[in-house]
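The structure under discussion appears below in the form of structure tokens.
Numbering of residues begins at 1 and proceeds along the displayed sequence.
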Amino acid sequence: QVQLVESGGGLVQAGGSLGLSCATSGRTFSNYAMGWFRQAPGKEREFVASISASGSRVIYADSVKGRFTIFRDIAKSTLYLQMNSVKPEDTAVYYCAGGRSSLGGSLTRQYDYWGQGTQVTVSS
């Protein structure tokens with residue numbers, strides 16, 4: 001089992017920045033691909049970013065490309081999402097996910113473990 005705990009959410013003004021963290025425990029963090037997803041009220045959960053187990057493969061949703069950065073610290077077993085130039089449409093609950101596949105990807109079914117989520121609200 002892998003336990004995932006997100007932190008860092010909150011209220012931010014449009015154009016500002018916010019950093020999310022996902023602390024992991026339970027299994028070897030470096031063996032897992034990791035991802036960030038988000039879900040806005042009344043909408044389906046959508047892909048934000050993914051990083052492979054090695055860190056060599058990173059993919060982003062078009063909506064966040066150039067603004068968000070996903071990275072991981074193996075020593076701290078922690079995943080991060082740096083969010084810059086945020087927009088009101090970035091408002092959602094953000095979820096951290098871990099997958100036993102080493103490559104990761106943009107589909108929820110590619111991930112086996114999920115955190116409880118952290119709320120991000122962007123004011124206009």
Side-chain angles (χ1 to χ4, degrees):
Q1 283 287 349
V2 175
Q3 290 78 44
L4 309 175
V5 179
E6 303 95 336
S7 62
L11 176 65
V12 60
Q13 287 190 331
S17 297
L18 196 65
L20 304 182
S21 300
C22 174
T24 75
S25 61
R27 289 287 178 93
T28 305
F29 175 69
S30 59
N31 290 343
Y32 289 80
M34 302 293 295
W36 288 98
F37 289 75
R38 66 187 183 186
Q39 188 166 17
K43 295 187 177 181
E44 293 187 353
R45 191 168 298 188
E46 66 173 6
F47 170 72
V48 175
S50 169
I51 186 168
S52 64
S54 69
S56 61
R57 181 175 181 252
V58 175
I59 57 175
Y60 296 95
D62 288 342
S63 58
V64 307
K65 199 171 295 183
R67 300 188 297 120
F68 291 9
T69 302
I70 185 172
F71 58 102
R72 59 197 298 168
D73 186 328
I74 298 298
K76 296 182 178 180
S77 296
T78 301
L79 176 73
Y80 301 93
L81 183 70
Q82 179 62 39
M83 306 166 60
N84 297 329
S85 302
V86 296
K87 305 175 180 179
E89 51 264 43
D90 294 323
T91 295
V93 176
Y94 282 71
Y95 296 91
C96 169
R100 283 174 286 186
S101 166
S102 62
L103 293 178
S106 61
L107 305 176
T108 56
R109 60 178 171 82
Q110 292 174 299
Y111 297 87
D112 305 287
Y113 307 104
W114 294 84
Q116 294 300 307
T118 185
Q119 176 70 47
V120 172
T121 303
V122 182
S123 62
S124 56

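The 12-atom threshold is not exceeded at CD of Q13, counting heavy atoms of other residues, nucleotides or ligands nearer than 6.0 Å. Atom CZ of R57 is surrounded by more than 12 heavy atoms from other residues, nucleotides or ligands within 6.0 Å.
Side-chain contact between Y80 and L20 is absent, with no heavy-atom pair separated by less than 4.5 Å. Residues W36 and L79 have side chains in contact (heavy-atom distance under 4.5 Å, counting atoms from C-beta outward). By the 4.5 Å heavy-atom criterion applied to side chains, I59 and F47 are counted as neighbours. Counting only heavy atoms from C-beta outward, the side chains of Q119 and T91 approach each other to under 4.5 Å. A heavy-atom distance below 4.5 Å is found between the side chains of Y60 and I70. Between R67 and D90, some side-chain heavy-atom pair lies under the 4.5 Å cut-off. Looking at L11 and S123, their side chains come closer than 4.5 Å, going by heavy atoms from C-beta outward. Looking at K76 and F29, their side chains never come closer than 4.5 Å, going by heavy atoms from C-beta outward.
Both L81 and V12 belong to a common hydrophobic cluster when Ile, Leu, Val, Met, Phe, Trp and Tyr are linked at side-chain heavy-atom distances under 4.5 angstrom. Neither V64 nor Y95 shares a network with the other; the hydrophobic side chains, linked directly or stepwise wherever heavy atoms of I, L, V, M, F, W or Y lie under 4.5 Å apart, form separate groups for each. One hydrophobic cluster holds both V48 and Y113 under the rule that ILVMFWY side chains link at heavy-atom gaps under 4.5 Å. I74 and M34 fall within the same hydrophobic cluster, defined by Ile, Leu, Val, Met, Phe, Trp and Tyr side-chain heavy atoms under 4.5 Å apart, directly or through other members. In this structure, L107 is not a member of the same hydrophobic cluster as V58, with clusters built from ILVMFWY side-chain heavy atoms closer than 4.5 Å.
E6 contributes no side-chain N or O that, together with a main-chain N or O of C22, makes up a donor-acceptor pair within less than 3.5 Å. Judged by distance alone, with hydrogens and angles left aside, the side-chain atoms of T69 form no donor-acceptor pair with the main-chain N or O of Q82 at under 3.5 Å. Between the side chain of S52 and the backbone N or O of L103, no donor-acceptor pair lies under 3.5 Å. In terms of modelled atom types and a separation under 3.5 Å, the side chain of R45 and the main chain of Y94 share no donor-acceptor contact. Between the side chain of E44 and the backbone N or O of Q39, no donor-acceptor pair lies under 3.5 Å. Not a single donor-acceptor pair under 3.5 Å links the side chain of S77 to the backbone N or O of T24.
A salt bridge links K65 with D62; the closest basic N to acidic carboxylate O contact falls under 4.0 Å.
Annotation: the span from S30 atom OG to R72 atom CZ amounts to 7.5 Å, rounded to 0.5 Å. Atoms OG and CZ, on S101 and R109 in that order, are 11.0 Å from each other to the nearest 0.5 Å.
No side-chain N or O of D73 forms a donor-acceptor pair with one of T78 less than 3.5 Å apart. For the 3.5 Å distance criterion, the side chains of S50 and Y111 qualify, holding a donor opposite an acceptor. Under 3.5 Å, the side chains of S56 and S54 contain a donor-acceptor pair of N or O atoms.
For the pair R100 and Y32, the cation-pi criterion (under 6.0 Å, within 45° of the ring axis) is not fulfilled.
When all heavy atoms are compared, the tightest approach of S124 to A14 is CA-CB, 4.3 Å. Closest of all the heavy-atom pairs between S85 and S17 is N-OG, 4.4 Å.
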Worked check of side-chain contact (heavy atoms from CB on, under 4.5 Å) between M83 and V120: CA-CA 10 Å; M83 306 166 60; V120 172; 4.0 Å; yes
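If you look at W114 and F37, their ring centroids are closer than 6.0 Å.
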